[in-house]
Amino acid sequence: MEQQKKYLFEYKGFYFSVETSPEYVASLEDFEINDSDIFIATYPKSGTVWTQNILSLIIHEGHRNGTENMETMERIPWLEYNTKDRDYADLPLPRVFATHLPYYLLPRDLRRKRGRVIYVTRNPKDVMVSFYHFSKYICSLEEIPDFNLFMERFLAGKVLASSWLDHVEGWCSHAEDFNILFVTYEEMKKDLRSAVLKICNFLGRKLSEEEVDSVVKQATFENMRKDPRANYENLPDDIVEKNKGSFLRKGTVGDWKNIMTVAQNERFDKVLNEKIKTLPIKFIWDIN
Ligand code: A3P
């Protein structure tokens, strides 16, 4: 854990990147929520950037028709990583934030059902594989070239955002405290249009057929990958190592099968499979 301290710190049982501080995270408890606020909550690598882009396309016509050039991070900033020290009270309404926070560290008002939360989950094996590749690409994470070691850290929750199971379990079992919509990466892959309509419905947004078509078209993996804003290509070199990957990597379901050995798969199932069966919500992904 010594080396990891350079990258992560623990606050109330949860690992954060050192890009934020315990004091800032603690202050979020009192963060004021507007009824129109929307939070995209995820465990890392579950489809955050995808959902950020979908929301930008749904909410901002200028984003949809290409008349506005704004970086995703500017439009939908990270709640707990306010690296540019922006005054979030000044953001135009509706404000949309991304967060990896566990349910218990969210602003108090959100837990009183002000604002809305969209919580995205993904098959944890694909999450882990995506995370493994991402840690090579992003400078703020420790690069762990040995996949087996990365898997052990992931299973032990000794990674950014701690344990995948605790995160998902916590959000699911406290769903009643929030105005919340659960979406899976896999359902977005299977039928993006239905997922977009489900999100529109949750947000009370009525888009025309043509507008929905346009959102769906621009939110496909291929089209997002071509869009430098959607693919976070304008990040500086001290944040990402551009020769080692990209935010939009493969965008598939089941990529874990290309990297995990039979033994690693059995080990993963031994640790997580039974516990996943006890989650209070059944998701469409199946870890196998
Ligand atoms: P892979 O590494 O498996 O390709 P997050 O945004 O939470 O960090 O998640 C990143 C994962 O979502 C990456 O997975 C990325 O490729 C995938 N992703 C992003 N946009 C996508 C899209 N439009 N379609 C499918 N997958 C997408």
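Just so you know, residue 1 is the first one in the sequence shown, and it goes up from there. Note that the coordinates shown come from a computational prediction; the quantities given were computed from them, not determined experimentally. We count ligands from 1, going down the list as the structure has it; atoms in each ligand are counted the same way.
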Does [X] have its ring centroid less than 6.0 Å away from the ring centroid of [Y]?
{"X": "F178", "Y": "F39", "result": "no"}
{"X": "Y15", "Y": "H100", "result": "no"}
{"X": "Y104", "Y": "F14", "result": "no"}

Any donor-acceptor pair under 3.5 Å linking the side chain of K158 with the backbone of L155?
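Pair absent, no side-chain N/O of K158 close to backbone of L155.
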Of D191, L192, T184, the residue whose pairing with M188 passes side-chain contact (heavy atoms from CB on, under 4.5 Å)
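Only one of D191, L192, T184 forms a side-chain contact (heavy atoms from CB on, under 4.5 Å) with M188, namely L192.
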Who are the side chain to side chain contact (heavy atoms under 4.5 Å, CB included) partners of N34, not counting sequence neighbours?
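N34 satisfies side chain to side chain contact (heavy atoms under 4.5 Å, CB included) with S36, D37, L93, R95 only.
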Can you pull the residues with any heavy atom under 4.0 Å from ligand 1?
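Contacting ligand 1 under 4.0 Å are K45, S46, G47, T48, V49, W50, R122, S130, Y185, A219, T220, F221, M224, F247, L248, R249, K250, G251.
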